[in-house]
Amino acid sequence: MFGFRSKVETPRKIINLLGIKFTIYITINETIQNLLKTDLEPYQITNDNF
(Lines give C-alpha, C1' and ligand atoms only; values in the text may rest on other atoms or scores of the structure.)
Protein backbone atom coordinates (compact mmCIF):
# COMPACT_ATOMS: atom_id res chain seq x y z
CA MET A 1 0.00 0.00 0.00
CA PHE A 2 2.74 2.47 0.89
CA GLY A 3 5.93 0.89 -0.47
CA PHE A 4 8.38 1.44 2.38
CA ARG A 5 12.04 0.68 1.67
CA SER A 6 12.42 -1.60 4.68
CA LYS A 7 10.07 -3.97 6.49
CA VAL A 8 7.91 -2.29 9.13
CA GLU A 9 8.03 -4.66 12.09
CA THR A 10 6.67 -2.75 15.09
CA PRO A 11 3.60 -0.63 15.81
CA ARG A 12 5.90 2.15 17.03
CA LYS A 13 7.63 2.29 13.64
CA ILE A 14 4.26 2.38 11.84
CA ILE A 15 3.10 5.30 13.98
CA ASN A 16 6.38 7.15 13.42
CA LEU A 17 6.17 6.67 9.64
CA LEU A 18 2.48 7.40 9.13
CA GLY A 19 1.71 9.77 11.97
CA ILE A 20 -0.63 9.29 14.90
CA LYS A 21 -3.74 10.81 13.28
CA PHE A 22 -3.49 8.69 10.13
CA THR A 23 -2.80 5.55 12.18
CA ILE A 24 -5.91 6.21 14.31
CA TYR A 25 -7.95 6.84 11.14
CA ILE A 26 -6.89 3.52 9.60
CA THR A 27 -7.58 1.64 12.84
CA ILE A 28 -11.08 3.12 13.26
CA ASN A 29 -11.89 2.56 9.58
CA GLU A 30 -10.89 -1.12 9.69
CA THR A 31 -12.80 -1.66 12.94
CA ILE A 32 -16.00 -0.15 11.55
CA GLN A 33 -15.72 -2.17 8.33
CA ASN A 34 -15.37 -5.39 10.33
CA LEU A 35 -18.38 -4.50 12.48
CA LEU A 36 -20.57 -3.78 9.47
CA LYS A 37 -19.86 -7.00 7.56
CA THR A 38 -23.08 -8.89 7.04
CA ASP A 39 -24.22 -11.85 5.00
CA LEU A 40 -25.68 -10.34 1.84
CA GLU A 41 -25.81 -13.63 -0.06
CA PRO A 42 -29.66 -13.82 0.03
CA TYR A 43 -29.66 -10.55 -1.91
CA GLN A 44 -27.11 -11.89 -4.41
CA ILE A 45 -24.61 -9.10 -3.70
CA THR A 46 -21.27 -8.92 -1.91
CA ASN A 47 -20.02 -6.48 0.72
CA ASP A 48 -17.79 -4.91 -1.94
CA ASN A 49 -20.75 -4.30 -4.27
CA PHE A 50 -22.89 -2.97 -1.43
Side-chain angles (χ1 to χ4, degrees):
M1 181 171 169
F2 293 99
F4 295 118
R5 289 184 211 159
S6 61
K7 187 175 181 180
V8 180
E9 297 179 351
T10 65
R12 176 174 278 183
K13 191 167 184 178
I14 293 170
I15 292 169
N16 287 336
L17 290 170
L18 298 179
I20 188 70
K21 288 183 180 181
F22 190 67
T23 304
I24 290 171
Y25 167 77
I26 291 173
T27 305
I28 291 172
N29 187 29
E30 288 296 318
T31 302
I32 290 172
Q33 282 185 357
N34 288 334
L35 288 172
L36 295 178
K37 285 186 180 176
T38 59
D39 182 21
L40 298 174
E41 188 176 326
Y43 304 104
Q44 297 179 345
I45 59 173
T46 64
N47 284 324
D48 293 334
N49 293 336
F50 182 69

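Remark: Gln33 CD is packed, more than 12 non-hydrogen atoms of other residues, nucleotides or ligands lying under 6.0 Å away.
Of all heavy-atom pairs spanning Thr23 and Ile14, the tightest one is OG1-O, 4.2 Å. Closest of all the heavy-atom pairs between Lys13 and Lys7 is NZ-O, 3.9 Å.
Note that OG1 of Thr31 and CD1 of Ile26 are 11.5 Å apart. Values are rounded to the nearest 0.5 Å.
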